[in-house]
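Worksheet for the structure shown next.
Note that the structure is a prediction, hence the values are computed from the model and not measured. If you read the sequence from its start, that first residue is 1, and numbering goes on from there.
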Amino acid sequence: MSEARRRLRRGQSVAGVAHALGFADQAHFHSHFAVAYAVTPGRYRRLSQINIWSVATRCCWPPASPWS
């Protein structure tokens with residue numbers, strides 16, 4: 001499963017990862033991944049692609065003081 005996480009972080013498709021790692025189908029991979037990591041492989045892939053620094057600087061950095 002750690003190889004699956006590496007491949008998803010690199011941006012490979014969920015179906016491609018499932019096939020490459022020898023799962024019977026995407027649903028089989030999905031269920032095993034969700035049990036192991038408490039997140040679906042598609043959501044894991046999307047979250048790993050987010051650039052946190054650009055999101056933080058675009059919307060709310062530096063944080064506003066609650067007293068201003």
Legend entry - Co-members of Phe23 in a cluster of I, L, V, M, F, W and Y side chains, linked at under 4.5 Å: Met1, Leu8, Val14, Val17, Leu21, Phe29, Phe33, Tyr37, Val39, Tyr44

Legend entry - Least distance between heavy atoms, Arg9 atom then Gln49 atom: O-NE2, 2.9 Å

Inset, instruction - Hey, could you give me the CD/OG distance between Gln26 and Ser13, rounded to the nearest 0.5 Å? - result: 7.5 Å

Legend entry - Pairwise salt bridge (charged side-chain N to carboxylate O under 4.0 Å, His left out) hits with a residue in residues 35-48, at least two apart: none

